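Data first, discussion second: the structure below is written as structure tokens.
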Amino acid sequence: MRISEISSPDLWRPNQNPQSPNDQNQYHHLLSQIDSLIKQTETISPSNNDINISSLSTHLRQILTDLSQLQQQHPFSNSVNLHIWKLSYRLWNSCVDISNYSSSSSSTVTLRHIASDMLFLAVNVTGVPSPVIKSASFYYKTGLIYHDLKNFDLASTCFEKATDILSKIDLMKISDPGERKLILDLNLSRSRSAWEVSDKNLAITLLNRAKNMLFGTFDHYKNLSLQYLAFSKSLLSKRETNDDNSSNNALNDAFKLLTEALDLCQKGSTVSRTREQTLELNELRSKTLRFISAVHLQKEEYESVLKCVRVLRGGEGEGGDHHASLAVLAMKAWLGLERYEEAEKELRGMVVNKGVPEGVWVSAVEAYFEAAGTAAAETIKGLFLGLLGRCHVSASAAVKIAHRVIGSGGEESSIRAKVVAELVSDERVVALFVGEGVVKERKAMHAVLWNCASDHFRSKEYKTSAELFEKSLLYIPYDIENRILRAKGFRVLSLCYLALNQHDRAEEYINEAEKLEPNTASAFLKFKIYLQKNNHSGALNQIQAMKACIDFIPDFLSLAAHEAIACHSLSIAAASLSNLLNFYTLGKPMPTTEVEVLRTIITILSKDIGNESEVLKFMKRAHTRASELGTERFYGKGEVGKREQNWFAVTSWNFGTKCGKEKNYELCSEFLRLISEFCAAPIEGQIEEHDIMVCKSLILTVSAMIASENQKKVALIESEVKQAVELLDKAGKMLNLISTEARFLDDKITTIEPEFFFMYTLNASDIHGRLDNLGLQQQLYLVKSFASSKACNPKYLLQIGLHASRGPRANPEVATFALNECLSALLSSPSPDYQDIALIVRALILVASLHKGDSDDDFVYNMYKQAYRIMVGLKEGEYPIEEGKWLAMTAWNRAGLPVRLGLVDAARKWMDIGLELARKVLGMETYRACMEDFVAASGKKLQLQNNG
């Protein structure tokens with residue numbers, strides 16, 4: 001069972017039966033045990049503290065319970081009561097001794113409670129003056145200890161026990177001042193315990209009841225008034241944590257309590273006996289009135305506040321109250337009434353009054369500024385500077401004022417910031433922060449200015465920001481410990497002036513920062529300055545300067561690239577990222593992937609014309625790194641890696657085709673050749689979309705190589721020819737695979753244009769023509785294969801035939817085959833192109849004449865004959881006239897040699913075909929007449945020779 005659950009029984013009973021000898025033995029035994037236990041408590045001392053007080057308390061409580069039960073059966077004799085009384089006092093005194101050396105009553109409070117119960121058990125003792133009062137005082141003192149230990153339940157139990165004891169006494173008969181004080185103090189203590197457990201109604205009821213216990217004594221009035229005041233202060237302190245409704249109720253309750261306290265002060269003044277007592281009550285009255293004024297202020301009853309202040313000041317005479325809070329209360333009341341001039345007068349009065357504590361003045365300034373707003377900033381600055389000239393002001397007050405004036409943003413924050421800048425730069429204010437004793441305040445002021453400057457910087461108010469950052473430097477000592485902090489200030493000022501486009505001033509600050517702390521951040525800022533001043537050489541040098549810093553990390557190169565792009569300095573951005581690439585070979589963690597850096601560099605270089613060679617360099621680097629690291633490690637895994645790889649292939653394609661259009665065939669071939677490196681060409685398996693691009697790039701690469709050869713007029717060397725053969729072999733295999741798949745996937749046939757089949761055939765024919773006899777045979781095979789494909793058309797065959805018929809590497813077999821195939825295709829067309837037909841006929845005749853000579857005269861004659869048959873039935877001019885004339889004239893001229901040799905039949909054959917062709921060509925009438933005359937003359941001459 002807990003001690004708190006054990007209550008002393010009501011033993012206040014008259015003696016009924018005399019004690020028997022047996023009872024006396026029992027009393028003696030129990031009292032002996034109590035005596036023995038008390039002796040143990042009396043032996044407790046600093047040198048002997050191993051006795052367990054808790055155990056002693058338990059034993060004493062049990063014996064006391066037995067003794068109480070015994071008393072209920074047989075009331076104690078006076079001698080027993082007297083013995084118990086003495087034992088109780090001994091126990092109480094031992095508790096006092098223990099508390100004296102241990103400086104704590106918590107260990108002995110239970111023993112005191114037992115001593116109180118023992119005294120109450122023997123309260124009927126005779127021969128002891130005022131036993132009831134003494135018993136009640138024991139409970140009262142024990143309750144006070146419980147109250148101090150915040151054990152309010154047991155405190156209330158003790159106070160209630162004492163109250164119950166005293167309730168049986170007629171208070172009016174008590175004359176002893178100490179006993180009267182006990183009665184009032186007991187009631188006040190009981191009220192305080194009730195208040196602590198939130199039993200507010202009981203606490204106030206007990207206070208009101210205490211009005212009947214004042215006995216017309218000054219101290220009693222004062223103590224009760226103080227208790228009313230204490231409860232009101234408690235309510236006011238707790239109202240801030242409540243909601244609005246509860247807060248208003250707390251204000252009303254506090255006001256009632258303060259009114260009671262004020263009433264008691266006024267009544268107490270009537271019983272004051274000395275001037276000191278009167279002054280003491282007047283001071284308490286003033287204090288109470290100040291709190292009443294504060295309550296009125298909280299309730300926004302501003303007129304009542306001013307009324308209280310006027311009463312307190314009492315006409316501003318010597319007897320009036322001049323407490324520092326009155327000016328604050330009055331000022332806040334005037335502010336509430338929006339009468340700012342009167343409020344300012346009160347504030348200025350506080351400045352003049354040296355008795356006003358600094359904290360009160362600062363609080364008043366904050367209230368004034370909060371009400372008057374930005375318009376009060378200048379006033380506050382002037383008042384504060386005026387205060388410096390009249391009395392000592394602490395650095396912490398200056399910090400508070402600066403912080404309050406700066407506020408937390410708003411539309412007029414720049415105006416307030418300017419006022420603060422002027423305030424903190426005043427020599428007298430700066431002097432407040434000199435010395436070792438104000439290190440904390442100096443740091444606080446620097447933080448206030450720095451944070452405000454940062455806010456304005458984020459709001460892009462760079463001019464205000466720069467001003468505040470400059471003023472914050474005033475609060476950084478010139479010593480080694482704060483060197484880094486000063487360098488930081490110079491750097492941020494450089495940023496401000498950089499944003500204001502004041503580059504020279506920004507450079508001055510960053511130079512100062514570098515003197516104090518030469519680090520990458522400073523070098524980077526100087527890099528930004530050079531960029532904005534368009535000093536590209538300086539910017540490039542700063543890239544190297546950053547890399548030389550001890551705290552350099554590659555992230556700065558990424559930042560430099562971003563800054564350069566923002567300034568449209570693409571070459572600087574590319575240079576920054578180029579330097580960043582060098583760190584990837586070191587194997588250290590990097591802020592971004594190498595492939596992303598390379599892609600960014602190429603993208604940057606692509607924005608300017610004429611950077612194709614640089615782009616090619618980085619494209620080759622990407623391919624090299626992919627080969628070294630592996631495709632997945634370089635490009636990435638999955639779809640991400642495929643997209644990266646495809647980006648490089650497509651970019652190579654775009655640059656290759658661009659260079660081709662610009663006739664920069666050498667770069668064109670380099671770019672296009674990379675595509676097949678980025679995307680390996682398949683030999684077997686399914687053709688994918690990017691593989692079509694690879695196939696095209698292989699073909700175009702060789703085309704560019706040949707075009708570059710013709711452009712430079714420098715023949716391809718043997719290694720280049722072999723390389724071209726390899727590229728075309730890959731392309732040929734891919735084309736074969738594409739054509740095979742096209743049978744099964746109809747849409748595939750549109751994925752590669754027929755012109756690429758033609759270009760492949762033309763290029764392969766050209767390259768193989770540079771090889772040995774096997775190459776010449778391969779040429780004819782390639783052309784025949786192309787002629788049998790769906791991609792072939794007469795136009796392509798014509799170009800192949802003409803190409804094979806010309807130049808030092810002409811192949812008459814290829815030319816003859818291609819041209820004949822083309823001629824057949826054109827003639828079978830519903831609407832033949834006779835311009836191309838005439839061109840083919842002439843080419844066939846020339847090829848045969850040039851490469852076969854007279855050994856194939858019948859072939860050549862048949863070509864003329866075929867041309868004549870083609871011309872038969874055509875409209876005049878439908879066959880190209882110039883080509884017709886060429887045919888007629890060259891056929892006629894072929895008869896010249898047989899004529900000179902006397903080969904009549906051969907001559908006749910060519911003259912006849914020439915004449916027949918001339919008759920079909922418009923505009924050859926004169927030539928035809930001459931031809932006919934010559935034929936007729938030749939016939940007569942021949943007849944004469946035959947007759948002769």
Side-chain angles (χ1 to χ4, degrees), residues 3-13 64 68 85 88-89 92 105 109-125 128-217 219-228 230-231 257 260 264:
I3 294 174
S4 61
E5 296 173 349
I6 302 173
S7 61
S8 300
D10 187 6
L11 302 179
W12 188 267
R13 300 181 183 209
L64 189 61
S68 175
W85 191 278
S88 173
Y89 263 85
W92 185 272
S105 300
V109 67
T110 53
L111 291 175
R112 291 176 187 267
H113 198 167
I114 292 170
S116 301
D117 287 341
M118 288 173 64
L119 203 62
F120 178 74
L121 193 64
V123 74
N124 287 332
V125 66
V128 175
S130 304
V132 173
I133 296 294
K134 289 182 172 59
S135 179
S137 69
F138 266 38
Y139 277 117
Y140 167 67
K141 293 175 182 178
T142 304
L144 289 178
I145 296 172
Y146 276 130
H147 188 93
D148 291 341
L149 296 173
K150 300 189 183 303
N151 192 335
F152 302 115
D153 289 338
L154 285 175
S156 295
T157 299
C158 290
F159 293 145
E160 288 168 4
K161 193 71 174 179
T163 303
D164 188 52
I165 293 172
L166 294 174
S167 65
K168 298 176 174 60
I169 301 176
D170 186 357
L171 299 181
M172 300 309 296
K173 294 181 179 181
I174 299 176
S175 59
D176 183 81
E179 293 177 359
R180 287 181 173 183
K181 184 176 184 301
L182 172 64
I183 292 170
L184 179 63
D185 289 347
L186 175 61
N187 204 71
L188 294 179
S189 297
R190 186 181 172 195
S191 176
R192 284 193 291 270
S193 293
W195 186 272
E196 292 291 350
V197 294
S198 300
D199 194 348
K200 185 174 67 174
N201 292 331
L202 175 59
I204 295 174
T205 298
L206 289 169
L207 283 188
N208 292 333
R209 190 183 298 173
K211 292 178 184 179
N212 300 320
M213 306 171 185
L214 298 176
F215 302 104
T217 306
D219 287 336
H220 292 188
Y221 279 99
K222 184 185 75 171
N223 291 340
L224 183 55
S225 179
L226 285 171
Q227 193 58 61
Y228 274 111
F231 283 172
L257 292 171
E260 290 287 351
L264 286 167

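Note that the structure is a prediction, hence the values are computed from the model and not measured.
The minimum heavy-atom distance linking Ala136 with Ala162 is given by the pair O-CB, 3.5 Å. Annotation for Ala115 and Ser88: closest pair O-OG, 2.7 Å, computed over non-hydrogen atoms. Between Leu154 and Asn151 the shortest heavy-atom distance is CD1-ND2, 3.3 Å. Closest approach of Pro131 and Val123 over heavy atoms only: CB-O, 3.7 Å.
Here the CD atom belonging to Glu196 is positioned 6.0 Å from the NZ atom belonging to Lys150, to the nearest 0.5 angstrom. Rounded to the nearest 0.5 Å, atoms CD1 (Ile174) and CG (Leu166) are 7.0 Å apart. Atom CG in Asn208 sits 4.5 Å away from atom NZ in Lys211 (nearest 0.5 Å). Between the CE atom of Met213 and the CG atom of Asn223 there is a distance of 14.0 Å, given to the nearest 0.5 Å. Atom NZ of residue Lys161 and atom CG of residue Leu186 lie 13.5 Å apart, to the nearest 0.5 angstrom. Within the model, atoms CG of Asp219 and CG of Leu214 stand 11.5 Å from one another, a figure rounded to the nearest 0.5 Å.
Arg180 is not listed as a side-chain neighbour of Ile183, based on a closest heavy-atom distance of 4.5 Å or more. Arg209 places a side-chain heavy atom less than 4.5 Å from the side chain of Thr205. The side-chain heavy atoms of Leu207 and Leu188, taken from C-beta on, include a pair separated by under 4.5 Å. For the pair Phe215/Pro177, no side-chain contact is recorded, criterion being any heavy-atom separation below 4.5 Å from C-beta on. Side-chain contact between Thr163 and Asn187 is absent, with no heavy atoms from C-beta onward closer than 4.5 Å. Contact annotation: the side chain of Pro129 approaches that of Lys134 to within less than 4.5 Å [non-hydrogen atoms, C-beta and beyond]. The shortest distance between side-chain heavy atoms of Ile133 and Asp176 does not fall below 4.5 Å.
Side-chain atoms of Ser189 come within 3.5 Å of backbone atoms of Asp185 as a donor-acceptor pair (strictly under, hydrogens ignored). The closest donor-acceptor contact from the side chain of Ser116 to the backbone of Arg112 lies under 3.5 Å. Without hydrogens or angle criteria, Ser225 side chain to Lys222 main chain gives no donor-acceptor distance under 3.5 Å.
Ser193 and Arg190 form no side-chain donor-acceptor contact under 3.5 Å, judged by distance and modelled atom types alone.
Between Tyr140 and Phe159, the two ring planes are tilted [angle within 30° to 60°]. Ring geometry, Tyr89 versus Phe138: the interplanar angle falls from 30° to 60°, so the pair is classed tilted. Using bins of under 30°, 30° to 60° and over 60° for the plane-to-plane angle, the ring pair Phe120/Tyr139 lands in the perpendicular bin.
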What's the verdict on side-chain hydrogen bond (donor to acceptor under 3.5 Å, both in side chains) for Ser191 and Gln227, showing C-alpha distance, side-chain angles and the deciding distance? CA-CA 9 Å; Ser191 176; Gln227 193 58 61; 5.8 Å; no
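The 12-atom threshold is not exceeded at NZ of Lys181, counting heavy atoms of other residues, nucleotides or ligands nearer than 6.0 Å.
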